[in-house]
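Just below is one structure, and these are the notes that go with it.
These numbers come from a predicted model, not from an experiment. Below, read A as the first sequence line, B as the second, and so on, with proteins coming before strands; counting in each chain starts at 1.
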There are 2 protein chains.
Amino acid sequence: MSAIAKRRERERAQRHQLIITAARELAEAEGWEAVTTRRLAERVEYSQPVLYSHFNGKGAILRAVAIEGFGELGARLRRARLATPEPPEALHAVCRAYLEFAAEQPALYQAMFVLPTDVKFAHAETPPPLRAAFAEFVSCFRSDNLRRELFAEVTWSALHGIAALSDSGRIPPDGQAERLDFLVTQIAGTPGGPAPL
Amino acid sequence: MSAIAKRRERERAQRHQLIITAARELAEAEGWEAVTTRRLAERVEYSQPVLYSHFNGKGAILRAVAIEGFGELGARLRRARLATPEPPEALHAVCRAYLEFAAEQPALYQAMFVLPTDVKFAHAETPPPLRAAFAEFVSCFRSDNLRRELFAEVTWSALHGIAALSDSGRIPPDGQAERLDFLVTQIAGTPGGPAPL
DNA sequence: ACATAATGTCTAGCGCTGCTAGGGTGATGT
DNA sequence: ACATCACCCTAGCAGCGCTAGACATTATGT
């Protein structure tokens with residue numbers, strides 16, 4: 001491949017990322033309903049068809065944003081877990097990190113977990129960053145806990161419920177800390193078996 | 001008011017309900033993205049502007065569907081609770097009824113709890129049916145439990161997380177019973193105080 | 001009974017959306 | 001220098017939520 005072709009490919013990759021970043025910023029600033037192909041094209045200073053030469057459509061752009069988000073969420077959860085050596089507090093820290101992520105970047109969170117998507121969850125084609133993020137929850141529970149996956153799944157679901165209802169104004173933004181404390185306390189409890197953590 | 005005017009008002013109220021029902025059925029059959037004002041008008045056999053003489057816009061129709069849903073959900077939760085006299089099983093029954101409601105009528109559930117809305121939750125203007133539905137969760141906990149509202153809120157959030165992630169394909173549809181059992185067991189546990197139920 | 005007024009509904013159209021066909025421009029390789 | 005090719009833009013389609021204005025139809029007053 002010629003140097004010229006290489007340069008073009010490099011520029012193309014940059015533009016690819018530029019589109020993703022622009023969509024994400026626009027969504028975070030004005031919500032996803034403001035992210036139209038026209039406004040996005042204007043923002044990246046190209047015409048609309050250029051978007052379609054990079055992505056199969058608006059849905060594919062949204063998907064790319066979501067996958068970028070999975071990577072960042074996983075990294076954040078991992079950091080929270082590793083910074084907290086004691087297992088009980090690790091679960092608490094990871095859950096808090098999750099809610100902070102959702103609250104700080106609501107549009108990104110929506111792309112990942114609320115808006116319709118064709119990203120496969122808990123499936124053979126699940127993107128590695130998503131698997132890794134889920135694995136952080138699993139790692140909060142003892143490896144001899146035979147139902148770790150179930151624990152992690154329900155924990156994640158409960159956090160998502162809190163994040164989603166809070167973001168859409170269906171529960172008050174105040175009191176997140178109390179909800180988090182209560183949830184973690186109950187999940188870490190031992191009503192029906194050995195200590196999970 | 002003349003009899004003629006009364007008849008017209010009656011017909012108008014019927015048409016009002018017809019629009020709500022048509023929107024709901026169309027959403028349940030093909031999803032909310034298929035509910036356009038044109039298709040809805042065609043379905044009720046009137047022109048588009050008629051919709052706008054009944055509702056302030058598409059959002060108001062969605063809101064009307066959601067409020068209808070709150071009433072039905074509340075009734076269902078109440079039935080589940082009253083049919084189960086023992087408190088621990090009452091919580092379980094109410095939670096199961098909630099998940100069944102969400103799974104059986106996913107579009108209605110979305111209108112109530114997922115799609116953007118201007119319905120006020122936990123607020124002075126909260127629609128009574130919504131307050132009543134939430135009160136069913138609160139009633140599952142002992143009246144001497146000073147944190148009943150918090151318990152109910154987190155329980156509801158966790159259920160919503162399970163329902164929403166399941167409906168959008170982000171967790172597998174199988175295993176809902178295990179998730180429900182685990183959640184209720186943990187919520188009903190007593191890690192930090194007196195028995196909540 | 002007739003003209004007037006008021007009510008209700010429809011047709012047509014605005015500015016927007018996601019998406020795409022086709023042409024034209026400029027760089028590339030011979 | 002020329003032919004080729006890759007690239008990008010203009011223009012347009014069908015459908016969206018929503019609304020202005022024309023048109024009947026119905027009720028009212030004389």
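Below the 3.5 angstrom threshold, one finds a donor paired with an acceptor across the side chain of A:Gln48 and the base of C:dC19.
Ranked by how close their nearest DNA chain C nucleotide is to the 5' end, B:Ser47 and A:Asn56 are led by B:Ser47.
Scanning residues 24-42 of chain B for heavy-atom distances under 4.0 Å to DNA chain D yields B:Val35, B:Thr36, B:Thr37, B:Arg38.
Taking the six-membered ring wherever Trp is involved, the centroid distance between the rings of A:His160 and A:Tyr109 falls below 6.0 Å. Residues B:Phe70 and B:Phe134 keep their aromatic ring centres 6.0 Å or farther apart. No close placement of the A:Phe137 and A:Phe151 rings is indicated, their centers lying 6.0 Å or farther apart.
If you take NE2 of A:His54 and P of C:dC19, they are 16 Å apart, rounded to a whole angstrom. If you take NZ of A:Lys58 and P of C:dG18, they are 4 Å apart, rounded to a whole angstrom. Regarding B:Ile61, its CD1 atom lies at a distance of 14 Å from the C1' atom of D:dC16, rounded to whole Å. One can place CG of A:Leu51 at 16 Å from P of D:dC7, the figure rounded to the nearest angstrom. Rounded to an integer number of Å, the gap from B:Glu11 CD to D:dT25 P is 16 Å.
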Inset, instruction - Please test B:Glu125 against B:Lys120 for salt bridge (charged side-chain N to carboxylate O under 4.0 Å, His left out), starting from the C-alpha separation and ending with a verdict. - result: CA-CA 6 Å; B:Glu125 304 156 21; B:Lys120 301 291 181 190; 5.6 Å; no

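Side chain to side chain, A:Arg12 and A:His16 fail the donor-acceptor criterion of an N or O pair below 3.5 Å. Side chain to side chain, A:Thr21 and A:Glu25 fail the donor-acceptor criterion of an N or O pair below 3.5 Å. Of the N and O atoms on the side chains of B:Thr36 and B:Arg38, not one donor lies less than 3.5 Å from an acceptor on the other residue.
Rounded to 10°, the angle separating the first-five-pair axis and the last-five-pair axis of the helix from C:dA1-D:dT30 to C:dA27-D:dT4 equals 20°.
Nucleic acid contact for A:Arg15: sugar-phosphate only, since backbone atoms but no base atoms lie under 4.0 Å from a heavy atom of the residue.
In the set D:dC18, C:dG18, C:dA27, the nucleotide with an atom closest to the side chain of B:Tyr52 is D:dC18.
B:Arg147 has no carboxylate O lying under 4.0 Å from a charged side-chain N of A:Glu178, or vice versa, which leaves the two without a salt bridge.
Closest heavy-atom contact between A:Ser139 and A:Arg148: CA-NH2, 3.7 Å.
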